[in-house]
Amino acid sequence: MSVVSSLVPARFLTLIAHLVIVIAIFWSRDNNVKACLPLEYTQEQYDNEDMKLVVALAVTIGLFAVELAGFFSGVSMFNCSQGLLSTAVHASASVALLFFLFEQWDCDIYWWILAICSVLPALVECVLVIAVFGLKKKPL
């Protein structure tokens, strides 16, 4: 099995693993929101932190849509650089988000994980889509 053909399933599996963990955080965000608050907090503070986390999770899911659209359209499916980058950052995000979920890390850490592990591969995906459809370059 060549490197390119083994990167495709690895990339898909890490993307889906990251997506499943984000959905799990979305469903059980109560403990993570409480970890972001002081011991004594008001309902307004709770609602504010909850809204921030919901926005971050929604942005992450939107970036998944961008990346999966590029992947399933074939634009970046066999691109080695994007495959390696995407596999590495989504695997890292999966591990980091498991710690975020189970260790109840502060909500500000999620924004760092989002920036490094979701925005970066989605930006590269957008560049590849522009190169293929806008500049008429080959997908590889």
Side-chain angles (χ1 to χ4, degrees):
M1 186 180 255
S2 71
V3 174
V4 174
S5 60
S6 60
L7 270 179
V8 173
R11 178 180 176 197
F12 177 75
L13 289 174
T14 55
L15 261 165
I16 297 304
H18 186 183
L19 179 62
V20 167
I21 295 168
V22 167
I23 291 170
I25 291 171
F26 189 76
W27 282 341
S28 62
R29 67 185 186 274
D30 184 55
N31 288 332
N32 290 97
V33 171
K34 288 179 182 174
C36 301
L37 296 167
L39 292 176
E40 300 292 326
Y41 60 88
T42 65
Q43 184 63 35
E44 182 180 334
Q45 289 174 315
Y46 179 87
D47 292 340
N48 188 28
E49 289 298 325
D50 185 49
M51 182 57 65
K52 287 180 189 176
L53 188 57
V54 167
V55 167
L57 292 168
V59 168
T60 304
I61 291 173
L63 293 172
F64 275 123
V66 168
E67 197 165 354
L68 285 171
F71 179 73
F72 287 133
S73 70
V75 170
S76 66
M77 185 178 285
F78 299 107
N79 186 305
C80 292
S81 301
Q82 174 64 359
L84 189 59
L85 172 71
S86 181
T87 302
V89 297
H90 288 299
S92 301
S94 297
V95 172
L97 289 178
L98 283 174
F99 276 103
F100 177 81
L101 181 62
F102 293 127
E103 299 293 325
Q104 297 173 359
W105 285 351
D106 190 45
C107 295
D108 292 336
I109 294 173
Y110 187 86
W111 287 101
W112 286 101
I113 297 169
L114 169 73
I116 295 167
C117 299
S118 292
V119 173
L120 180 63
L123 283 176
V124 174
E125 193 74 42
C126 288
V127 168
L128 288 172
V129 167
I130 290 169
V132 169
F133 292 123
L135 304 175
K136 306 295 185 204
K137 302 270 184 177
K138 282 185 168 181
L140 299 175

Q: Could you check Lys34 against Tyr41 for side chain to side chain contact (heavy atoms under 4.5 Å, CB included), going step by step and ending with a plain yes or no?
A: CA-CA 9 Å; Lys34 288 179 182 174; Tyr41 60 88; 3.6 Å; yes
Q: Any chance you could lay out the side chain to side chain contact (heavy atoms under 4.5 Å, CB included) test for Cys107 and Glu49, step after step, and finish with the verdict?
A: CA-CA 8 Å; Cys107 295; Glu49 289 298 325; 4.3 Å; yes
(Q) Using side chain to side chain contact (heavy atoms under 4.5 Å, CB included), reason through Cys36 and Lys52 one step at a time and then give a plain yes or no. (A) CA-CA 11 Å; Cys36 301; Lys52 287 180 189 176; over 6 Å; no
Q | Residues Val59, Leu63; criterion side chain to side chain contact (heavy atoms under 4.5 Å, CB included); working and verdict | A | CA-CA 6 Å; Val59 168; Leu63 293 172; 4.1 Å; yes
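In this structure, CG on Leu53 lies 8.5 Å from CH2 on Trp111, to the nearest 0.5 angstrom. Between Asn31 atom CG and Leu101 atom CG the span is 8.5 Å, to the nearest 0.5 Å. Expressed to the nearest 0.5 Å, how far CZ of Phe12 lies from CG of Leu68 amounts to 7.5 Å. Here the CG-CG distance, from Leu128 to Leu135, works out to 11.0 Å after rounding to the nearest 0.5 Å. The CG atom of Leu85 sits 12.5 Å away from the SG atom of Cys80 when rounded to the nearest 0.5 Å. A distance of 9.5 Å separates NE2 in His90 from CD1 in Ile16, rounded to the nearest 0.5 Å.
Residues Asp47 and Gln43 bring a donor and an acceptor atom of their side chains to less than 3.5 Å of each other.
Using a 4.5 Å cut-off on side-chain heavy atoms (C-beta onward), Ile25 and Ile21 make contact.
Judged purely by atom type and a 3.5 angstrom limit, Gln45 uses its side chain to pair as donor or acceptor with the backbone of Thr42. In this structure, the side chain of Arg29 engages the main chain of Phe26 through a donor-acceptor pair within 3.5 Å. No donor-acceptor pair closer than 3.5 Å links the side chain of Gln82 to the backbone N or O of Met77. For the pair Ser86 (side chain) and Gly83 (backbone), a donor-acceptor distance under 3.5 Å is absent. A donor-acceptor contact shorter than 3.5 Å links the side chain of Asn32 to the backbone of Phe100. Between the Thr87 side chain and the Leu84 main chain, no donor and acceptor come within less than 3.5 Å of each other.
If you chain together hydrophobic residues whose side chains sit under 4.5 Å apart, Leu15 and Leu123 fall into the same group. Cluster annotation: Val95 is not connected to Ile116 through the hydrophobic network of ILVMFWY side chains, with a link wherever side-chain heavy atoms come within less than 4.5 Å. When the side chains of ILVMFWY residues are joined at heavy-atom separations under 4.5 Å, either directly or via intervening members, Val119 and Trp112 end up in two distinct hydrophobic clusters. Leu120 and Val66 fall into different hydrophobic clusters, where Ile, Leu, Val, Met, Phe, Trp and Tyr side chains are chained together by heavy-atom contacts under 4.5 Å. Put simply, Val54 and Leu57 are part of the same group of oily side chains (I, L, V, M, F, W, Y) that touch within less than 4.5 Å, one to the next.
A 6.0 Å sphere centred on CZ of Phe72 holds more than 12 heavy atoms belonging to other residues, nucleotides or ligands. Within 6.0 Å of OH on Tyr46 lie more than 12 heavy atoms contributed by other residues, nucleotides or ligands.
Scanning both residues, Thr60 and Ser118, for their nearest heavy atoms gives CG2-OG, 3.7 Å. Between Ala35 and Trp105 the shortest heavy-atom distance is CB-O, 4.1 Å. The two atoms that bring Arg11 and Ser76 nearest to each other are NH1-O, 2.9 Å, heavy atoms only. Minimum heavy-atom separation, Ala96 to Ile113: CB-CD1, 3.8 Å. Here the shortest heavy-atom pairing between Ala24 and Ser28 reads O-OG, 2.8 Å.
Applying the salt bridge (Lys or Arg N to Asp or Glu O under 4.0 Å) rule to pairs touching residues 98-122 yields nothing, sequence neighbours excluded.
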